[in-house]
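Okay, structure first, notes after.
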Amino acid sequence: MSVPIVRSVDQLREIVAAWRREGVRIAVVPTMGVLHEGHLSLVRAALEKADRVIVTLFVNPKQFNSQADLAAYPRTEDEDAAKLAPLRAHLLYAPDAEEMYPAGFATTVSVSGVSEGLCGAFRPGHFDGVATVVAKLFLQTSADFGFFGEKDFQQVHLVRRMARDLDIPITIVACPTVREADGLALSSRNVRLSPAQRAVAPKLSSVLLKTAEWLGRGSPVLPTLAESRAAILAAGYREVEYLELREEADLHPMTSLDRPARLLAAAWLGGTRLIDNVRLFRIGSTD
Ligand code: PAF
């Protein structure tokens, strides 16, 4: 059975209002399409938690840093709908840009603190675009639960903060990163890698895991991160934008591993920017 598709806020609201009359719990899984197993794992988790699951598909122009990147972003709605059908997601909400941002649209949701640094430092305006569209999706769907992947760890913090600050009654559920067998985090951007780049790509996750192990055993943070940056470059990545240790709970920078932490990285492989992160725990002493 195919998944029903709606394209307007009015249609969406009618369906959601009928569900509300039934007293069911609703989950939303926001996506920009090009669905892969990572997205599908979010849909499966959402189906376990809620009675109705809305997957949204909207390539959000406000979160792209360049027109060229936006234009190059693949649109694969038919394939995406076909992937959702066997999962029995209840609705695909796929508005166009005019529906999401009608003429005269003038509001930006900006979340300070968690959006600064890491990806925020390298992608000006990106998180304002994400916060704005996700706030709209939460309000349009009035979902009880919002499902996000931990690969975009900073984004998870951002949407949690935004929903809390705006009193949007939704629980954010963060799901683990899904990886290829060789460790590469699933991402819609992976399709852009050449075969040679694809062979190098898993080095990012393997360096992160090794670094997490060293830090967990008490290696000093800053020299270890410097060595790991060098290892990513030596593997064939063109540039490491950041490789940082941050607090798991609030993303504050850390220079010693004395609280639960995440190691987060963004690096360029040719013309493709990949991000990844791993959780880490203290095993031995810290610096
Ligand atoms: O993670 C994404 O794909 C996007 O940032 C999101 C959450 C769908 C908002 O456009």
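One-based numbering, in listed order, for ligands and for the atoms of each.
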Item checked: Pro30: numbered ligand 1 atoms lying under 4.0 Å from its heavy atoms -> 8 (C)
Margin query: Side chains of Phe153 and Leu118, heavy atoms from C-beta outward: is any pair under 4.5 Å?
Written below: no
Check: Would you call Arg25 and Asp51 a salt bridge, using N to O less than 4.0 angstrom?
Finding: yes
Notebook entry, point to check: So which heavy atom in the protein is nearest atom 3 (O) of ligand 1, and how far is it from that ligand atom?
Noted result: Met32 CG, 3.7 Å
Margin query: What I want to find out is whether Glu248 reaches Arg279 closely enough, with some N-O distance under 4.0 Å, to be called a salt bridge.
Written below: yes
Next item on the list: Please identify which atoms of ligand 1 are closer than 4.0 Å to at least one heavy atom of Thr31.
Entry: 8 (C)
Check: Closest approach of Tyr101 and Gly129, non-hydrogen atoms and distance?
Finding: OH-O, 4.4 Å
Notebook entry, point to check: Which atoms from ligand 1 have a heavy atom of Val133 less than 4.0 Å away?
Noted result: 9 (C), 10 (O)
Note to self: Please classify the Thr56 to ligand 1 contact at 4.0 Å (heavy-atom distances, strictly less than): side chain, backbone, both or neither.
What the structure shows: neither
Checklist line | Presence of salt bridge, Arg123 and Glu241, under 4.0 angstrom | finding: no
Notebook entry, point to check: Should Arg179 and Asp276 count as an ion pair when the cut-off is N to O under 4.0 Å?
Noted result: yes
Notebook entry, point to check: Should you measure from each heavy atom of Gln155, which atoms of ligand 1 turn up under 4.0 Å away?
Noted result: 1 (O), 2 (C), 4 (C), 5 (O), 7 (C)
Checklist line | Option nearest atom 4 (C) of ligand 1 (shortest heavy-atom distance, choices Gln63, Lys136, His39) | finding: Gln63
